[in-house]
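Below, chain A is the first sequence line, B the second, and so on; all start at residue 1. Keep in mind the model is a prediction, meaning the values are calculated, not measured.
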Amino acid sequence: MLQAFAVGALVAAVCAVLSCFLVLRGWSLMGDAVSHAVLPGIVVAYAVGLPLPVGAFASGLLCATATGWIKRHTRVKEDTVMGVVFTGLFALGLVLYTKTPSELHLDHILFGNLLGIEPAQLRQTAVLSLIVLAVVIALRRTFMLATFDPSQARALGFSIRKLDTALLVLLALAIVAALQAVGIILVIAMLVTPGATAFLLVRSFDRMLVVATAIAVGSTLSGIYVSYFANASSAACIVLVQATVFVAALCFAPGKGLLRSVPPTTNFTEN
Amino acid sequence: MSPPVSNELPLTLAAQQVSVTYPNGHTALSDATFTLTGGTICALVGVNGSGKSTLFKALMGFVTPTAGRVTIADAPVREAQRKGWVAYVPQSEEVDWTFPVSVEDVVMMGRYGYMNFLRTPRPVDREAVTAAIQRVGLSDLRKRQIGELSGGQKKRVFVARALAQQGRIILLDEPFTGVDVKTEEAIVTLLRELRAEGRLILVSTHNLGSVPEFCDQVVLINRTVLACGPTAEVFTAENLSRAFGGALRHFDLSHSTVEAHDGRQVTVLTDDERPLVLGQGGHLEYRDRAAHQKLVDEREAAKTTARDV
């Protein structure tokens, strides 16, 4: 149980920090796409005897790069391409899974198994999470600039292509780390909801990172706690708590909530 | 105050036979050639689809020309970028105003090129940011989230960023779209100061009337450079009709009833954009002719001095 809390909190923090960038960049679907696309990688890795995270990472990244390549070479819009690529890879994974005799539990891949996590996987998840967290926090200002104003980033001589690739690699690593805890379906929520909630509550980027992380970690701990007593899926409980917090923020956010009691003050003053 | 840059060699921005063909086969610009030297405000004028924004992107190094080259101080654009010389003030429509950043956060982004990879601000960066914010008159609002500013204040945030960056070439994309006349004048005053410091200001605009008011040079674009040089020489009825084709509304006073019964007393009003007024024989009419003449004289004097030295 304590182990579950620790791993859950760590994974939540990593996903929360990344979610801030995804939400602001309009990349929310990217988390969805990459996480679904890891399935064929996991099955293939299992079949040939590679560590599962390696396969997951490779096919997740394949999805992201294939999307980018197709988008650049056709007139089809990015979200459309993404929809085709990730569902295609996910379906491929499902077919491979049924054709490969294995001891893998599809349930665990899809929905995670936080309470039954094994020590080796625990270490893997912890190390991956800490690496991704450290890199994202170190590069947060550069990523923020590339998200907010790519033109300025380019005018300063930064390579947007390299920064985008770096963010995708970090995203794929985070998804691989989170797989064990929450599964590939619900990791999508972890990669969107905390950032979206924090966006409603803050006015500065560093604070957004802190608030998103706090919300994610808080939701994870209470979600696991509730799941233990309600005897429900821990991942589902975590996501449910996150969604509840989001709705609360939507309604009660200071100054911009739907249910604010006073109209927002207009602050327009010419000096 | 950011240090004046006029004591350094004047910076030259040159486009040599620049052509840009996009991967889909569309040639947006061909054989564009012009040279600009620091201490000028130059307008880049052309209709939508004239290759104006493509040229703008090529000058900033965002697109690589398929033929020809762009140089800044005789070196590739890339080198100027690394030195932080190229500053960019985006069009308001391109900015996500809901982004959780404050005025000082945005201005600090101008300093990122000078910082280590963690982008940790040093005291010198903070000073540059404070000075830049003060110069555009936003000191009281430095902690504001950018979406909470008025149209003119929003524009000034990004001008402050270019100042904090100490850019020697400042490119502004449609700076007067959506700002009121008072703000436009405040920005023009600031740009004139920057010109006096020896910076090269390049303004992309379709707002013809404001060009003679504050730009001393013009590059006229329609798929290539049609004309470039001093505003009065480039802004002729003939050049403009080549650049704009049928896209301009003409109102010829001498052929209307206005001239006949009002003598010479005519008032021209427009709601948003300044009208461009040409006099007899196609010469430019300035709102403040004396001030314009003074500027021209000063520039001539400066040129003569430079030649004598």
Over all heavy atoms of both residues, which pair between A:Ser219 and A:Val245 is shortest? Give the atoms and the distance, please. OG-CG2, 4.2 Å
Looking at chain B, which one of A:Met144, A:Arg75, A:Arg140, A:Arg72 has the largest number of heavy-atom pairs inside 4.5 Å, strictly under? A:Met144
Main-chain N/O of B:Arg199 paired with B:Glu197 side-chain donor or acceptor, under 3.5 Å: no
If contact means a heavy atom pair closer than 4.5 Å, which residues of residues 118-125 of chain B contact chain A? B:Leu118, B:Arg119, B:Thr120, B:Pro121
Contacting region of B:Leu171 [heavy-atom separation from chain A under 4.5 Å]: neither
Salt-bridge contact B:Arg126-B:Glu104 (side-chain N to carboxylate O under 4.0 Å): no
Any luck finding a side-chain donor-acceptor pair between B:Tyr22 and B:Thr54 under 3.5 Å? yes
Measuring heavy-atom distances to chain A, does B:Val89 have an atom under 4.5 Å in its side chain, in its backbone, in both, or in neither? neither
Is it true that a side-chain atom of A:Thr80 and a backbone atom of A:Val76 form a donor plus acceptor pair closer than 3.5 Å? no
Quick check on B:Val77 against chain A: is it the side chain, the backbone, both or neither that has a heavy atom closer than 4.5 Å? neither
We want to know whether B:Ser102 and A:Ser204 form a side-chain donor-acceptor pair, criterion being a heavy-atom distance below 3.5 angstrom. no
Which residue, B:Val136, B:Val103, B:Leu138, forms the side-chain contact (heavy atoms from CB on, under 4.5 Å) with B:Gln153? B:Leu138
One option among B:Ala87, B:Pro100, B:Gly113 has the most heavy-atom pairs under 4.5 Å with chain A, and it is B:Pro100
Check this for me, if you would: do B:Lys155 and B:Glu184 make a salt bridge, where the nitrogen-to-carboxylate-oxygen distance has to be below 4.0 angstrom? no
Chain A heavy atoms under 4.5 Å from B:Ser139: which part of the residue, side chain, backbone, both or neither? neither
Could you check, using the six-membered ring where one of them is a Trp, whether A:Phe21 and A:Phe205 have ring centers closer than 6.0 angstrom? yes
Between B:Asp105, B:Val95, B:Thr98, which has the largest tally of heavy atom pairs under 4.5 Å with chain A? B:Thr98
Is the B:Phe158 ring parallel, tilted or perpendicular to the A:Phe148 ring (thresholds 30°, 60°)? parallel
Under a 4.5 Å cutoff for heavy-atom pairs, which residue among B:Arg161, B:Gln165, B:Arg78, B:Arg82 has the most contacts with chain A? B:Arg161
